[in-house]
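So the structure is just underneath, and the comments pick up after that.
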There are 2 protein chains.
Amino acid sequence: MHFARLLALWLFTALYLVAAERQPNIVIILADDLGYGDLSCYGHPTIRTPHLDRMAAEGMRFTEFYSAAEVCTPSRAALLTGRYPIRSGMCHDQFRVLRNRSLGHLPESEITLAEALKAKGYATGCVGKWHLGVWEFSPAGHPRKHGFDFYFGLPHSNDMDPSPFAPKGAGKLAEQQAAWWNAPLYRNEELIERPADLSTLTQRYTDEAVKFIQANQAKPFFLYFPHTYPHTPLFASKNFSGTSPRGLYGDVVEELDASVGRVLDTLRATKLAENTLVFFTSDNGPWLIMNQQGGSAGLLRDGKGSTWEGGMRVPGIAWWPGKIKPAQTQRTLACTMDLFTTSLKLTGAEVPADRSIDGLDIRPLLFGTGTVQRDAYLFYRGTRLMAARVGDYKAHFMTQAAYGQPKAEEHATPQLYNLRVDPSENFNIATNHPAVLSQITQAVERHRATLTPAQSQLVEFAPLPEKR
Amino acid sequence: MHFARLLALWLFTALYLVAAERQPNIVIILADDLGYGDLSCYGHPTIRTPHLDRMAAEGMRFTEFYSAAEVCTPSRAALLTGRYPIRSGMCHDQFRVLRNRSLGHLPESEITLAEALKAKGYATGCVGKWHLGVWEFSPAGHPRKHGFDFYFGLPHSNDMDPSPFAPKGAGKLAEQQAAWWNAPLYRNEELIERPADLSTLTQRYTDEAVKFIQANQAKPFFLYFPHTYPHTPLFASKNFSGTSPRGLYGDVVEELDASVGRVLDTLRATKLAENTLVFFTSDNGPWLIMNQQGGSAGLLRDGKGSTWEGGMRVPGIAWWPGKIKPAQTQRTLACTMDLFTTSLKLTGAEVPADRSIDGLDIRPLLFGTGTVQRDAYLFYRGTRLMAARVGDYKAHFMTQAAYGQPKAEEHATPQLYNLRVDPSENFNIATNHPAVLSQITQAVERHRATLTPAQSQLVEFAPLPEKR
């Protein structure tokens with residue numbers, strides 16, 4: 001071989017290896033409706049989560065980590081775009097989330113984390129519940145139209161297309177039949193199973209996630225792994241059914257925990273662990289009206305659907321052996337939108353400059369190199385800005401229980417809580433802190449000034465089929 | 001020296017050393033009003049407890065550990081005697097606890113853990129809040145009349161002899177003056193400071209505990225270390241004041257945490273760690289009416305004063321390097337009374353056979369060698385048996401909120417909760433589980449058959465002094 005060609009090959013290989021070393025893999029594992037208090041390492045007495053506990057012991061556990069919305073669709077839109085859902089139109093006061101016949105989807109104009117990383121040469125895969133578009137009615141809503149090379153999973157929640165035989169209400173969910181729920185399982189664009197066997201879903205998701213990692217060792221990858229559970233209806237596979245002291249909900253969470261263990265084991269086995277950031281979190285708080293089959297927000301107030309802490313503060317665990325020091329508790333505020341910005345920064349990608357991005361670069365928190373300056377953190381319920389947090393303080397301009405309070409109560413003087421002293425939001429201290437309230441109000445005005453009205457994507461539906 | 005005498009000396013020394021090795025030291029550290037959710041390793045987001053977290057990481061964290069009563073005096077009587085307070089008379093429906101002019105005290109007829117271990121050659125020390133007798137009025141109530149060689153601390157809670165200037169009510173407790181509380185600090189029988197400087201109390205307690213350990217390296221010792229805090233009024237020393245994100249309550253708990261760190265460090269430094277069982281727990285749940293200055297029961301219902309879980313389920317951490325395996329979560333029920341029986345077993349002492357002992361030997365749990373068979377666990381409020389737990393299930397025969405519900409509600413059909421599925425006691429499942437209810441009722445009858453009526457020690461008081 002000619003020397004120059006040999007040199008070129010060598011250079012190419014060397015550059016390729018350096019690039020591979022420099023560009024870390026990103027894995028985001030998202031639970032669905034898992035509450036702040038539902039993991040053993042967050043204080044749950046009977047749910048056993050040894051793999052997540054180990055992940056936390058080897059990495060960083062966040063105590064003030066937020067989802068960017070109180071329900072599924074807007075929360076996922078925010079995570080993948082780094083923007084509050086009010087900016088993308090992926091929220092609505094009445095409909096709240098996409099339904100099985102929704103025509104709307106994540107707009108093409110939005111830049112997802114998958115798109116941004118794909119542009120930097122990443123392999124991109126999504127395994128699990130999408131909930132940002134129903135391609136049966138709107139092909140442009142498919143994950144592969146939003147930056148993912150590979151997709152395996154359900155387009156929406158597992159309860160969204162029930163058969164006429166499915167029972168109504170939480171109390172009847174104990175003895176489940178997968179056929180009731182008629183859930184459609186896709187591989188890429190292909191419908192492979194309907195009704196999907198919901199009891200093996202976590203296991204099959206995990207198989208696909210593991211295969212994706214194994215198949216993409218040669219180049220950097222982004223794996224987005226949004227689980228279907230512990231959203232109800234709950235199903236666990238044979239190995240987990242009836243094993244948890246916490247009952248069916250525990251079976252399901254413990255199976256998720258084992259899934260996380262398999263992902264981390266795969267990264268260890270492939271020697272990719274030290275070049276991979278793994279982040280585990282949840283899309284919103286626990287679905288409390290599901291009773292024993294809903295989770296726990298621990299000491300936090302209310303749950304999914306509300307802008308009280310229990311609705312949006314969720315577990316958050318970061319893992320990256322060799323880069324994130326082990327056994328850290330991180331008490332600084334961070335959120336799912338930060339995963340967008342931080343991932344871009346980690347890969348050397350530019351954060352889009354033509355639009356407002358709400359996520360911040362939290363590398364200083366992860367790597368212990370500094371602090372992060374955040375203005376206000378906003379708590380939206382649909383399109384309504386209910387509350388805002390600045391520093392230790394959260395002001396509620398409006399409050400509304402997740403369920404059972406049909407109309408929001410507006411507060412002429414906002415309710416004010418010091419979340420570090422009073423994480424359960426029990427003691428309104430507004431009267432003694434007018435300066436704090438005014439500081440928060442100003443931060444909210446700064447946020448409002450950045451808003452451009454977006455059409456809601458959640459209001460249009462495919463016509464109902466002819467009666468069968 | 002004559003050979004026979006030399007041999008005798010050698011034998012004596014050898015036997016002495018073997019005995020010293022075989023008899024482990026026992027250290028019980030008891031917080032006052034610390035809630036189930038108040039430590040970082042039990043899920044509190046802003047209270048930083050690195051030493052207790054490390055203790056748990058090196059040892060065993062219990063998720064279903066109970067105090068034997070819902071308030072101070074009966075809880076402490078039970079811990080030191082291994083018996084429900086109903087047996088010793090250290091409880092009362094109206095008075096609840098001993099007051100600063102109480103004449104009653106732990107009866108001489110009771111055998112304390114200190115007495116039992118002293119009889120086996122142990123040095124015995126008590127540092128902290130006693131609350132089982134006020135020797136100013138009843139000398140027989142002093143810790144040194146109940147088996148302790150050494151005592152340093154306050155006879156009762158820090159709020160029990162307020163000066164006329166002391167403010168009433170929780171809301172006014174923020175800006176404290178130690179002089180308001182007129183707390184008497186004793187070394188053995190000697191009153192050394194009144195009003196005691198409450199801000200340096202934890203620090204001085206810890207100094208005394210450390211000195212006790214250092215002074216008793218030659219023979220086995222029992223150190224009972226019941227802290228005064230985080231019972232209100234709250235005081236922290238200069239190094240901790242204003243440092244915790246959780247505010248004053250956090251300052252105080254973080255100072256307790258540092259105290260635990262100093263005790264464990266002393267055991268490490270003296271090379272006693274591998275021959276010492278240390279147990280950390282709390283006397284009852286958090287005092288919720290103290291608002292921001294009261295603790296958190298985490299996901300558990302209600303707090304101090306109630307027989308809901310929040311009143312009696314508390315943190316419990318066991319530590320014994322080399323004997324208790326590290327990083328274990330123990331989900332089996334255990335309680336403070338078990339510390340009595342287990343300590344006796346560890347030292348080879350006989351458990352008293354002439355009386356009912358309610359504590360069980362939990363060595364199989366600590367050392368991972370087996371299980372523990374327990375009949376019912378009983379939840380008393382004063383002398384009233386409110387609830388009982390058998391296995392996963394807890395039946396409430398009567399319920400009463402800790403505060404604000406003047407009269408207990410009796411339930412013709414008891415309320416029934418599966419505590420492992422529903423630790424927050426939200427979902428009464430009595431109607432579907434008549435067999436479980438009947439099993440619990442039978443266990444309660446077995447318990448009642450062992451009861452001998454005891455005169456309450458909490459009803460007599462020294463006459464008030466002449467008006468000053």
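The chains referred to below are lettered A, B, ... by the order of the sequence lines, with proteins before strands, and numbering in each begins at 1.
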Give, as side chain, backbone, both or neither, the part of Leu39(A) having an atom under 4.5 angstrom from any heavy atom of chain B.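 Neither part, no heavy atoms under 4.5 Å.
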Heavy-atom distances under 4.5 Å only: say whether Pro245(A) touches chain B with side chain, backbone, both or neither.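 For Pro245(A), backbone and side chain are both near chain B.
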Check [X] against [Y] and note the closest heavy-atom contact, atom names and distance.
X	Y	answer
Phe65(A)	Pro315(A)	CD2-O, 4.2 Å
Ala388(A)	Leu378(A)	CB-CD1, 3.8 Å
Ala430(A)	Pro414(A)	CB-O, 3.3 Å
Leu288(A)	Gly295(A)	CD2-O, 3.4 Å
Met55(A)	Ile317(A)	CE-O, 3.4 Å
Val314(A)	Leu34(A)	CG1-O, 4.2 Å

Interface of chain A and chain B, donor-acceptor atom pairs under 3.5 Å:
unit_1    : atom_1 : unit_2    : atom_2 : d
Ser40(A)  : OG     : Arg331(B) : NH2    : 3.1
Pro45(A)  : O      : Thr63(B)  : OG1    : 3.1
Pro45(A)  : O      : Arg331(B) : NE     : 3.0
Thr46(A)  : OG1    : Arg420(B) : O      : 2.7
Thr63(A)  : OG1    : Pro45(B)  : O      : 3.1
Arg246(A) : NE     : Val421(B) : O      : 3.3
Arg246(A) : NH1    : Val421(B) : O      : 3.1
Arg331(A) : NE     : Pro45(B)  : O      : 3.1
Arg331(A) : NH2    : Ser40(B)  : OG     : 3.1
Arg420(A) : O      : Thr46(B)  : OG1    : 2.7
Val421(A) : O      : Arg246(B) : NE     : 3.3
Val421(A) : O      : Arg246(B) : NH1    : 3.1

Can you sort out the partners of Pro364(B) under side chain to side chain contact (heavy atoms under 4.5 Å, CB included), two or more places apart, ordered by chain and number?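 By the side chain to side chain contact (heavy atoms under 4.5 Å, CB included) rule, Pro364(B) matches Asp361(B), Thr369(B), Val372(B).
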Results of side chain to side chain contact (heavy atoms under 4.5 Å, CB included) for Ala297(A) - residues two or more places apart only: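 Checked Ala297(A) against side chain to side chain contact (heavy atoms under 4.5 Å, CB included); matches are Pro286(A), Leu300(A).
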Of all of Ile429(B), Val421(B), Leu299(B), Leu419(B), which one pairs up most often with chain A through heavy atoms under 4.5 Å apart?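 So the answer, after comparing Ile429(B), Val421(B), Leu299(B), Leu419(B), is Val421(B).
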Heavy-atom pairs under 4.5 Å with chain B: which of Gly37(A), Ala327(A), Pro45(A) has the most?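 Maximum pair count with chain B is reached by Pro45(A).
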